[in-house]
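First the structure, in the form of structure tokens, and then the observations on it.
Protein chains get the first letters and strands the later ones, always in sequence-line order, with residue 1 at the start of each.
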Number of protein chains: 2
Amino acid sequence: MVSLPNEGHVAELADLFRLLGDSTRLRIVLACLDAPVAVGDIAVGLQLSNSLVSHHLRLLRAARIVKAERQGKQVFYAAADQHISRVLADMLEHIAEPHPRPD
Amino acid sequence: MVSLPNEGHVAELADLFRLLGDSTRLRIVLACLDAPVAVGDIAVGLQLSNSLVSHHLRLLRAARIVKAERQGKQVFYAAADQHISRVLADMLEHIAEPHPRPD
DNA sequence: ATAACATGTGAACACTTGTTCATCTGTTCA
DNA sequence: TGAACAGATGAACAAGTGTTCACATGTTAT
């Protein structure tokens, strides 16, 4: 049951979903879902350029999907809160849902 | 706790989020979240052209975010399953979450 | 059959956006 | 101070996408 969000919240909601709506960016979020990871390590792990990862992380951080914490030369990123994990888990369940007959 | 989705699932996940990532399309989803609504009624309710609503509904239906049911001349659309509502609810909670300090 | 209504669809446009490259800021250690 | 490392950022381009317009499809009635 979702109490209908007002106009402003709809735009904010859409912005969040749009950020998760790119495969590269989504993989970055998934990479730092369980524990903080440094930018460079994300880049290596996903085989992306540091620049690209950094660009995406900036957007994700601005939307508070991830949070950053500096440790020396490195900056570690992690999922901002539990809700992000839940959103992902719910959407995975949606995918897992058997699609019977239509359309 | 999210068991890491494989490559194919990441793309599928991203596609779903991308569809919810447009304000117009998101409003359409919200409009038929609780009960089936006809295309024309959605258009009137949101002040959009029938054509635009239809275009969006096609994408949403292809991704099984909404399901369609014909009744005479009209076609009623409704959210496909509970997971969609949950995803939206979780993301709303994320927005409601107080953002304490950083940046 | 025809008309009227509801929805679907293809093409075309403007606009947005992901990616790369080059450069810059900031931090640590010598 | 300088060099070396980690990350951030702006510009520019290709590719993708939301919207409109005109027209097609399908359904119910006369």
Please state how far atom CG in N50(A) lies from atom P in dA22(C), giving the value in whole angstrom units. 15 Å
Atom-to-atom span, CG of L57(B) to P of dT9(C) - whole angstrom: 11 Å
Check DNA chain C against residues 70-80 of chain B and give the residues with a non-hydrogen atom under 4.0 Å, in numerical order. K73(B), Q74(B), V75(B), Y77(B)
Is the phosphate of dT7(C), meaning OP1 or OP2, less than 4.0 Å from a side-chain N or O of R58(B)? no
Side-chain heavy atoms of V53(A) within contact of L46(A), under 4.5 Å: no
For dC21(D), does the base pair up with any side-chain atom of S49(B) as donor and acceptor (N or O, under 3.5 Å, distance only)? no
Check whether the side chain of H55(A) and the base of dG10(D) form a donor-acceptor pair under 3.5 Å. yes
Does any donor-acceptor pair link the side chain of T24(B) with the base of dT19(D) at a separation under 3.5 Å? no
Strictly below 4.0 Å: does H56(B) bring a side-chain N or O up to OP1 or OP2 of dT19(D)? yes
Please state whether the rings of H83(B) and H94(A) are parallel, tilted or perpendicular, taking 30° and 60° as the class boundaries. perpendicular
So which nucleotide from dT9(D), dG18(D), dG18(C) ends up closest to the side chain of S51(A)? dT9(D)
Donor-acceptor under 3.5 Å (R25(B) side chain, L19(B) main chain): yes
Search all heavy atoms of A14(B) against all heavy atoms of D22(A) and return the closest pair with its distance. CB-C, 4.0 Å
Are the side chains of L20(B) and M91(A) in touch, meaning some heavy atoms are under 4.5 Å apart? yes
Mind listing the closest non-hydrogen atom pair of A11(A) and S23(B) along with its distance? CA-OG, 3.8 Å
